[in-house]
Trainee: 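First the structure, then my questions, so here it is.
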Amino acid sequence: MRTRLAPSPTGALHLGNARTFLANWALARQRSWHITLRIEDLDTPRVKPGVIDLTIDLLRWLGIDWDEGPFVQSHEPAPHLAAMHSLAARGLIYPCDLTRAQIEAAASAPQEGAHDLPFPAHLRPSARPTAFTDSSPSWRFLVPDEPVNFTDEFAGPQSHTPARTVGDFVIWTRRDPGKPGQPAYQLAVVVDDARQGITHVVRGDDLLDSAARQILLYRALGLSPLPHYLHLPLVRGSDAKRLAKRHGDTRLDAYRAKGVPRERVIGLAAHWCGLCSEPRPMSPDEFRDRFSLNTIPHGPVTFTAENDRWLLESKN
Ligand code: GLU
């Protein structure tokens, strides 16, 4: 059994990420799963120097450890390219150079929220190349019009139909014609989870509908078995939106720089996992030993101004 910690090195590891990584780590240590650390530096805005080291340093600061890695996704492009060749040989992908504006114009629905519309099926070319060449701004995956059913081990039974929600999604992009293209998140994560032998994927439920797309790619690539999925409710701001700048500076790095001890951050994560009714300072060991999926609330978890005050109170 093997799980992975897969931070994107955006420089903004925040309290919500800390809660998810601590939960993933504690579960793995309780159940003797191997832990792989994988830095997902593909398909993100330019990764600034030092940010990968900072991300790793913050995980260590939280008391999290791992058995393998860090593997840095961009360092090993060959498996992602091989997957593209294999999908092309099966006629399951096609190059697409349409701009977002062209796609939106082709979709019949109103413009508002247009980026949430599925890629219109009539824009799919009738003939598809049987070889992949990295020469197009993007390549899309031919999404079958069928529901994807699976059981999430935290969120329960799921049925998603990516053909209706996203349509043929992008799996490869080449933003800069002067540089090689790279896999989009959905492809990179499937290829790497499969080749690294990941059996358990634990992450925020913002990725629950991505799991359906990933299952389609597993099938298209002939990869098995599928991993077990556990999607945990995301920590949100008091406006119910995912944590972002408008909720204040919730980056771990910022709290650490203000002198907040890790025991407070862990204690708040413990409270969000239902381990204590009020936040209280907690060591990594106690969190690991007491963690349970059974106490995690199924509804959204909210970061409040009071939580922020409680964290900062410790520094004086
Ligand atoms: N790198 C992704 C993130 O930081 C996680 C992807 C995954 O767990 O599949 O949001």
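Both ligands and their constituent atoms are indexed starting at 1 by order of listing. Because only heavy atoms are used, hydrogens play no part in the values below, and waters and symmetry mates are left out as well, while side chains stay in.
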Trainee: Have a look at Arg203, Glu40, Gln73, Gln214 and point out the one with the heavy atom closest to atom 6 (C) of ligand 1.
Mentor: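 Shortest heavy-atom distance from atom 6 (C) of ligand 1: Glu40.
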Trainee: Numbering the atoms of ligand 1 from 1, which are under 4.0 Å from a heavy atom of Tyr185?
Mentor: 6 (C), 7 (C), 9 (O)
Trainee: If you measure from atom 4 (O) of ligand 1 to every heavy atom of Pro227, Gly204, Ser8, which option wins on shortest distance?
Mentor: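 Checking each option, the heavy atom nearest atom 4 (O) of ligand 1 is found in Ser8.
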Trainee: Looking at ligand 1, does any of its N/O atoms fall within less than 3.5 Å of an N/O of Val189?
Mentor: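 Min N/O separation from ligand 1 is not below 3.5 Å for Val189.
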Trainee: Please determine which of Val235, Leu243, Asp308 meets the side chain to side chain contact (heavy atoms under 4.5 Å, CB included) test together with Thr250.
Mentor: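 One option only clears the test, and that one is Leu243.
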Trainee: Which ligand 1 atoms are under 4.0 Å away from a heavy-atom of Arg4?
Mentor: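 Near Arg4, meaning under 4.0 Å from one of its heavy atoms, ligand 1 has 7 (C), 8 (O), 9 (O).
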Trainee: Can you tell me if Asp134 and Trp172 form a side-chain donor-acceptor pair at under 3.5 Å?
Mentor: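 Side chains of Asp134 and Trp172: pair found under 3.5 Å.
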Trainee: Please tell me whether Arg2 and His200 have a donor and an acceptor in their side chains that are separated by less than 3.5 angstrom.
Mentor: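 Judged by distance alone, the side chains do not pair up.
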Trainee: With a 3.5 Å cut-off and no angle check, do the side chains of Asp168 and Tyr94 form a donor-acceptor pair?
Mentor: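 Judged by distance alone, the side chains do pair up.
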Trainee: Tell me the contacting part of Leu207 for ligand 1: side chain, backbone, both, or neither, using a 4.0 Å heavy-atom threshold, strictly below.
Mentor: side chain
Trainee: For Arg264, is there an ion pair with Glu313 - N to carboxylate O distance below 4.0 angstrom?
Mentor: yes
